[in-house]
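Residue numbers begin at 1 in each chain, while the letters A, B, ... track the order of the sequences.
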Amino acid sequence: MNMQQILVDISNALQAGRAKIVKELIGQALEEGVSVELILNAMLDGMSIIGAKFKADEIFVPEVLISARALNQGLEIIKPILTETGVKPLGNAVIGTIKGDLHDIGKNLVKMMLVGVGIEVIDLGVDVSAQDFIKAAQDNQAKVICISALLTTTMTNMKEVIDELVARGIRDQYVVMVGGAPITSSFAKEIGADHYAPDAASAAEVAKSLF
Amino acid sequence: MYKWLDDIVKMPRKAMPILSFPAVQLMGISVKDLISSAEYQAQAMKIVADRTPSVASVSLMDLSVEAECFGSNVVVYEDEVPAVVDTIVSSEDDAKMLVVPPANSKRAGICIDAISLATQLITDRPIFAGVIGSFSLAGRLVGVTDAMVYCYDEPDMMKIVLEKSTQFIIDYCNQFKRAGANGVVIAEPLAGLLSPAFAEEFSTPYIKAIVDAVQDENFIVVYHNCGNTALRIIDTILQVGAKVYHFGNAVDMEEVMKSMPKDIVTMGNIDPAGQIRNGTVESVTKVTNELLDKCSKYQNFVISSGCDIPPLAKWENIDAFFRAVENY
C-alpha cells in the first residue's frame with residue numbers, strides 16, 4: 001500500500017475510534033518500512049483533528065474517548081520502537097484530581113488530549129496530595145502539573161500544591177495548570193496557578209505550547 | 001400543578017434555584033448529618049422556604065442515593081455531596097444479574113420520609129423531590145468514563161442497565177408521589193456529555209418512560225440537564241415530555257430561551273459554584289441582573305441556579321440573588 005495512504009488511513013481509523021484497525025494498519029506500515037515518527041505523527045494529527053472537533057462541539061466525549069483508546073493502543077505498539085530509536089515525547093506532565101476529590105472524568109479527558117498532542121502523561125489518579133503531585137513531577141522530570149477538581153470544597157486544596165512548591169523553592173521549575181467544573185480563571189489567578197483550562201482541548205493546546 | 005405552571009408564567013418575578021444543601025450552615029449540622037436524617041432534610045427545606053421567596057421547595061440533589069441502593073459504594077464527605085466510587089457492572093452478565101432494589105431501600109427511604117415530613121411543614125408552595133436520570137444512574141453503576149465507551153462497545157449491556165435504572169427511578173418517583181411531593185427534579189447531567197444521537201438512544205427514551213409513568217396534573221417533572229451540549233440537543237430532550245426544563249450554566253440561557261417553546265416553563269442558570277459559592281454579593285447581583293436583562297422578556301423563564309448550590313455557598317450571596325430578582 002502507498003505509504004501516504006496508509007498514514008491517512010491510520011489517522012482516519014483513529015478518528016473513527018477503530019482501535020483494532022489502527023493496530024492492524026500500524027503493523028502493516030511497520031512491515032512496509034514506514035518510520036515510527038511518521039506513524040506517530042499520523043496518529044497525533046488524527047487526535048489533533050479530534051481535539052479541534054471536540055472544542056467546536058462537533059463531536060462529544062464518547063467520540064473523544066474511543067479515539068483516545070485507539071491512540072493509546074497504537075502507542076503501545078510503537079512506544080518500544082520510539083524508545084529504541086531515541087524519539088522522545090514532547091515532554092512530561094503529571095495529572096491528577098486533587099486531594100479529597102474522587103471525580104475523574106474531566107481529568108481523564110485532559111489526560112487523553114495531552115497524550116494526543118505528544119505529551120507523556122503520568123496519571124496519579126484521584127485524591128492526590130500536594131506532596132504526591134510534586135514527588136511525581138520530580139520523579140518523572142515533568143514540566144507541567146495538571147490539577148483537576150470537581151468539588152467546591154476540594155478546589156481550595158489546589159493552592160496547597162502551589163504553596164508547597166513555593167515553600168520548597170522550586171515554584172519556577174513547574175507550570176501549574178488547573179481546571180474542573182467549579183474552577184474559574186480568577187480562581188486560578190488567586191491561588192497562583194500559571195494557567196486555567198476551561199476544557200480538555202484548551203488544556204492540551206496550552207500544555208503543547210509550553211514545550 | 002398545571003395551574004401552578006400557568007400562574008408561574010403570569011408572575012412578573014420568579015425564581016427557583018436548586019437550593020437545599022446550604023441549609024446545613026443555618027442548622028449547624030454537616031452534609032453528612034443532613035443526608036442521614038429525614039427530619040433534618042425536612043427541616044432544611046422548611047428553613048429555605050421560610051427564608052427565600054423561591055416559587056417551589058426543592059429537596060436534595062444527591063446523585064449517589066440511587067446507585068447506593070443498587071449496591072455501589074459511596075464516599076460520604078463531611079461538607080460535600082457524596083460520591084460513588086466504584087463500578088458494579090462491567091459485563092453483560094453483570095448487567096443481567098443486576099437486581100433492581102426496592103425504591104425505599106437505604107438512603108432512598110430517608111429521602112422519601114423527608115418529603116413526607118416536608119409536606120407537613122411547607123404548605124405555601126409546591127415541593128419537588130430530587131432524583132437522578134437513567135443515563136446518569138447507569139453511568140454510576142458501570143463507571144462514568146466507561147459508560148461513554150460502552151455506548152459504542154456494549155450498547156446492549158448499557159440498555160439492560162438503563163432499563164433497570166429506569167424501573168427503579170419510576171418506582172422511586174411513585175414513592176415520592178405517595179409521600180406527597182408535587183413533582184420531581186430529574187437530574188440527567190451525564191447525558192449532557194453525549195452527542196445528540198447518543199442522547200436520543202441512551203437517555204431520552206428512558207427519561208420519557210419515567211415521565212410517561214409518573215407525570216400527571218398533580219405531579220410534574222422538571223428535567224435538568226447541565227451539560228454543555230444541552231443547547232444542541234434541545235429537540236431531543238423536549239421529547240421526554242417534561243413540564244419544566246432546567247439548564248446549567250454551561251449554556252447560553254438566552255439562546256436556550258429562543259429555542260424553547262414559549263409555553264414550556266424553562267429555568268436556569270446562574271453559576272452555583274463560580275458565583276453563588278465563590279462570588280460576592282456584588283458579582284451575584286450583577287450576573288443575576290444580566291441574566292434577567294437577557295431572559296425576563298420570556299414569560300416562561302424562571303431564573304434559577306445552573307445546578308444545585310454547593311453546601312458552603314455563602315448565604316449573603318444567596319440572599320443577594322433573591323434580592324436582585326425582587327428588585328429587578
Side-chain angles (χ1 to χ4, degrees), chain A residues 16-20 53-70 72-73 97-112 123 125-127 149-157 180-188 190-191 196 198-201, chain B residues 21 31 64 73-75 77-86 139 143-153 158 189-199 202 226-229 231-233 248-251 271-279 283 306-313:
Chain A
R18 309 294 297 274
K20 193 164 164 228
K53 284 185 174 178
F54 183 50
K55 194 164 180 172
D57 285 340
E58 289 172 25
I59 61 168
F60 304 86
V61 170
E63 290 74 42
V64 173
L65 291 176
I66 58 169
S67 292
R69 182 178 58 178
N72 284 333
Q73 292 189 17
T97 303
I98 194 62
K99 181 113 192 96
D101 201 325
L102 304 174
H103 298 90
D104 67 357
I105 188 166
K107 184 263 299 176
N108 290 343
L109 274 173
V110 170
K111 173 189 166 181
M112 286 166 200
D123 186 351
V126 299
D127 192 21
L150 191 82
L151 302 177
T152 54
T153 42
T154 60
M155 61 195 270
T156 48
N157 296 339
I183 310 300
T184 58
S185 62
S186 58
F187 174 78
E190 190 186 304
I191 64 168
Y196 158 66
D199 55 68
Chain B
F21 280 109
V31 170
S64 69
N73 285 322
V74 168
V75 165
Y77 302 93
E78 201 60 29
D79 288 312
E80 216 17 286
V81 183
V84 174
V85 295
D86 60 4
V144 166
T145 306
D146 292 326
M148 306 281 136
V149 177
Y150 286 148
C151 288
Y152 271 103
D153 288 352
M158 280 305 294
L190 200 60
L193 299 183
L194 298 175
S195 63
F198 268 6
F202 294 103
C226 53
N228 59 344
T229 64
L231 187 57
R232 299 277 308 267
I233 62 170
N249 47 289
V251 295
D271 185 347
Q275 283 298 334
I276 302 180
R277 166 69 163 88
N278 295 332
S283 70
C307 200
D308 63 326
I309 295 174
L312 299 184

**Study point:** Neighbour count above 12 (heavy atom, 6.0 Å) for Arg18(A) CZ
**Key:** no

Review point. What do the steps show when you test Glu190(A) against Asn278(B) for side-chain contact (heavy atoms from CB on, under 4.5 Å), and what is the final call?
Key: CA-CA 12 Å; Glu190(A) 190 186 304; Asn278(B) 295 332; over 6 Å; no

Practice item. Answer yes or no: is there a side-chain heavy-atom contact under 4.5 Å between Glu80(B) and Thr154(A)? Key: no

Review point. What residue in Ile183(A), Asp57(A), Leu150(A) has the most heavy-atom pairs under 4.5 Å with chain B?
Key: Asp57(A)

Check your understanding: Which atom pair, heavy atoms only, marks the closest approach of Met148(B) to Pro62(A)?
Key -> O-CB, 3.4 Å

Review point. Non-hydrogen atoms of chain A under 4.5 Å away: do they reach the side chain of Val75(B), the backbone, both or neither?
Key: side chain

Check your understanding: Considering all heavy atoms of both residues, which atom of Phe60(A) and which atom of Leu193(B) are nearest to each other, and what is their separation?
Key -> CB-O, 3.5 Å

Check your understanding: Can you tell which of Thr229(B), Leu194(B), Asn249(B) has the highest number of heavy-atom pairs within less than 4.5 Å of chain A?
Key -> Leu194(B)

Check your understanding: Does some side-chain heavy atom of Tyr77(B) sit less than 4.5 Å from a side-chain heavy atom of Leu151(A)?
Key -> yes

Side-chain donor-acceptor pairs under 3.5 Å in residues 102-111 of chain A, sequence neighbours left out?
from      : atom 1 : to        : atom 2 : distance (Å)
His103(A) : ND1    : Asp101(A) : OD1    : 2.8
Lys107(A) : NZ     : Asp123(A) : OD1    : 2.9
Lys107(A) : NZ     : Asp123(A) : OD2    : 3.0
Asn108(A) : ND2    : Asp104(A) : O      : 3.3
Asn108(A) : ND2    : Thr145(B) : OG1    : 3.1
Lys111(A) : NZ     : Asp123(A) : OD2    : 3.4

Practice item. Below 4.5 Å from any heavy atom of chain A, which atoms of Leu312(B) appear? Answer side chain, backbone, both or neither. Key: side chain

Point to revise | Heavy-atom contact with chain B under 4.5 Å, split by part of Glu58(A) | key: backbone

Check your understanding: Considering residues, nucleotides and ligands other than Lys55(A), do more than 12 of their heavy atoms fall under 6.0 Å from its NZ?
Key -> yes

Exercise for review: Answer with side chain, backbone, both or neither: which region of Phe198(B) has an atom nearer than 4.5 Å to a non-hydrogen atom of chain A?
Suggested key: side chain

Review point. Is there a side-chain contact between Arg277(B) and Pro182(A), using heavy atoms and a 4.5 Å cut-off?
Key: no

